[in-house]
Amino acid sequence: MTGPELTAPLQDEARPGAPLAPEGRGGESHETLAPPPPRATYRLQFHAGFGFDDAVAIVPYLARLGVSHVYASPIQTARPGSTHGYDIVDHARINPELGGEDGFLRLSEALKRHGLGLILDIVPNHMGIGGADNAWWLSVIEWGRLSPHAVTFDIDWNRLGANGKLVLPFLGKRYGDALEAGELKLARDESGGGFSVWHFEHRFPICPLTYPILLDRVLILVAAPAMPEYRELLAISSRLRTLSETPAGAADGVVEECEALKRRLALVFAASPEVTQAAERALDLVNGAKGIPESFDTLHRMLELQSYRLANWRVAASDINYRRFFDINTLAGVRVEEGAVFERTHALILDLVRAGRLQGLRIDHIDGLADPEAYVRTLQEQVGPGFYILVEKILGHGEALRPWPIAGTTGYEVLNLIDGSLIDRAGAEAIEAGYREISGQQESFEELLRRAKRETLHASFASELEVLVSDLARLAHGDRSSRDYTIHAMRQVLTEIIERLPVYRSYIATEPSDEDRSLIAETVAAAIAGTSMPDTSLHRFVARLLLGEAGETMTAPPAPEHLAQFRRRFQQLSGPVTA
């Protein structure tokens, strides 16, 4: 996500076009030409210790330095205390730790006064999760697939072994040990109307449909059942119990009604200290007592009724069922390919572009997206033709950037050339000889690379690999010509192909390009040449699936949505493994 990067201008002289007038959020632009591309950039890494006003103070220096644009780290609200900003938890707000919207506008005006532009780093691939500060993620935890934000995150609810639940690997111990150690605490939310289980800094909301288990105990502990608050509490619990019995297919409006019931519950607690005290006593009982395993049964029963499964962090490697940024559990993949998700995550950025506050965008981890080309085309349509867009994309040896509507990459390949000019190649043999003598390693670099990718795939991404194997099995076992391929063989073949992929990924959405056809054909051929398997027909079957040619040899062509899912997951897995 971070690291030294270079940006190169598209041309020697800036394109014509005046800067946009500053109009604030939501302003309309009357400009017809894109702002000029950068001549040179200066990176600013924002965090709580270096905010917008700190940047304002050095803008005159940057102008004297000769740069044309400031290149800023992400400015949308990230996890509290984030030192990098790539763990965004709220796309709709400018990070208050950096100075908020007012501070950003002061920086924007300072840059304008000194003739500098601003290129902003944005993060479409993932959001920061865990903790207690991502409202969208907390909604998904609370409501599962009923959440209005369930479409936002790339969650495989049908993953084998997950039993339809979201696996949350945030516990420091195995679940049972954490439960009986008293490390899972049910508590009232600060808003007063809801309940969540806490594990240190991590919050796991409880679905309101399971509140009656607790509220019935509160009712028993209230000493004055004649009070109005008691009757209101009884009515709320009864209604929640009725809603919990509603068939899943008739769940329209349940979330909204439950939110209203939570507000009523908050009023009950605010109006009656006696009910509040009874709730605290009930919570103490439900939270159990160390040394008495049976005392945790009620809390365990409530957790078993949720749309999620709490698990030890070590479970993530094999059982996690949400896409991550690489193997970081606290960064969850976002489905920006969905129109509504794109709009929610980009509204603020597009407002700033249209108001003339931004003159360029740098896209973080473009290879993590389901369809990078479709994404940049949509983004370019929104910001206007010719607007300066760079992507963080590492090109493999001999790999050419695809013909996307962008200015280029952030320059890793340029850095490789610069680094190469500073290295004395005459010392390579001596360094390699010393390395082999000390390490005892005699394999070639290519062999070591394949082994490293294989170990990474089977250790850090075992869960993602198993999901891909399941996708392949569904496609293969649906046809008589391929149903005898075994799970073990599928796992081995996918490993052999991914470990030999010479670049991060292919970019097949519908029809594969000539580049993708060559890439898949050459990679699969290399996998066949290096395999120990006597039957290599499964390798060719995988190639036909990826290239959309399997239907030509299958008596029952695969469902298009299943084929697209397999292809998408293959492409979203090969990149992180290579990285």
Side-chain angles (χ1 to χ4, degrees), residues 1-2 5 7 18-29 31 35 38 40-124 126-128 131-136 344-364 382-383 387-390:
M1 292 184 297
T2 59
E5 299 171 354
T7 55
L20 290 167
E23 300 171 359
R25 291 279 305 281
E28 294 184 359
S29 166
E31 188 189 36
T41 65
Y42 191 100
R43 167 77 170 188
L44 290 182
Q45 182 69 54
F46 289 111
H47 50 80
F50 185 87
F52 298 134
D53 288 328
D54 298 300
V56 169
I58 65 170
V59 166
Y61 163 74
L62 298 179
R64 292 195 304 273
L65 196 61
V67 301
S68 61
H69 291 68
V70 165
Y71 161 35
S73 62
I75 63 171
Q76 290 160 295
T77 301
R79 298 287 300 276
S82 175
T83 58
H84 48 76
Y86 292 89
D87 46 358
I88 293 169
V89 296
D90 186 351
H91 285 91
R93 288 196 309 154
I94 295 178
N95 196 338
E97 287 192 348
L98 310 182
E101 184 169 326
D102 290 341
F104 175 78
L105 293 179
R106 288 192 293 272
L107 173 60
S108 177
E109 290 299 310
L111 292 171
K112 181 189 175 187
R113 286 195 302 271
H114 288 82
L116 298 181
L118 180 60
I119 296 174
L120 182 64
D121 212 335
I122 64 173
V123 191
H126 54 268
M127 290 185 74
D133 35 49
N134 187 329
W136 296 355
R344 286 198 294 263
T345 54
H346 288 69
L348 171 61
I349 300 301
L350 295 177
D351 278 352
L352 295 177
V353 169
R354 292 159 185 160
R357 302 291 179 183
L358 301 177
Q359 286 71 48
L361 297 173
R362 181 266 197 191
I363 314 303
D364 181 62
Q382 292 291 323
V383 297
F387 190 85
Y388 191 72
I389 296 177
L390 292 171

Check for a donor-acceptor pair, side chain of [X] on one end and backbone N or O of [Y] on the other, with a separation under 3.5 Å.
X: Glu97; Y: Gly81; result: yes
X: Gln76; Y: Ile94; result: no
X: Thr41; Y: Val70; result: no
X: Gln45; Y: His84; result: yes
X: Ser73; Y: Phe46; result: yes
X: Asp133; Y: Arg79; result: no

Rounded to the nearest 0.5 Å, how far apart are [atom1] of [X] and [atom2] of [Y]?
X: Ile58; Y: Phe50; atom1: CD1; atom2: CZ; result: 4.0 Å
X: Arg362; Y: Leu390; atom1: CZ; atom2: CG; result: 9.0 Å
X: Leu44; Y: Leu118; atom1: CG; atom2: CG; result: 8.5 Å
X: Glu101; Y: Phe52; atom1: CD; atom2: CZ; result: 10.0 Å
X: Leu352; Y: Ser108; atom1: CG; atom2: OG; result: 8.5 Å
X: Ile75; Y: Leu358; atom1: CD1; atom2: CG; result: 6.5 Å

Shortest non-hydrogen contact from [X] toward [Y]:
X: Leu62; Y: Leu116; answer: CB-CD1, 4.1 Å
X: Gly85; Y: Pro74; answer: O-CB, 3.3 Å
X: Gly360; Y: Phe387; answer: N-CZ, 3.4 Å
X: Val59; Y: His114; answer: CG1-ND1, 3.6 Å
X: Pro60; Y: Ala57; answer: CD-O, 3.8 Å
X: His126; Y: Val123; answer: NE2-CG1, 3.4 Å

Q: Starting from the C-alpha separation in whole Å, work towards a yes-or-no answer on side-chain contact (heavy atoms from CB on, under 4.5 Å) for Ile363 and Ile122.
A: CA-CA 5 Å; Ile363 314 303; Ile122 64 173; 3.5 Å; yes
Q | Tyr388 side chain reached by His69 side chain, heavy atoms, under 4.5 Å | A |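 No. Closest side-chain heavy atoms not under 4.5 Å.
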Q: Kindly state each residue pair satisfying side-chain hydrogen bond (donor to acceptor under 3.5 Å, both in side chains) with at least one member in residues 48-58, sequence neighbours excluded.
A: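 Non-adjacent pairs meeting side-chain hydrogen bond (donor to acceptor under 3.5 Å, both in side chains): Asp53-Arg106.
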Q: For Arg93 and Leu348, run side-chain contact (heavy atoms from CB on, under 4.5 Å): C-alpha distance rounded to whole Å, both residues' side-chain angles, the deciding distance at 0.1 Å, then the answer.
A: CA-CA 7 Å; Arg93 288 196 309 154; Leu348 171 61; 5.8 Å; no
Q) How far apart are the C-alpha atoms of Asp121 and Arg43, what are their side-chain angles, what is the distance that settles it, and do they pass the side-chain contact (heavy atoms from CB on, under 4.5 Å) test? A) CA-CA 10 Å; Asp121 212 335; Arg43 167 77 170 188; 3.3 Å; yes
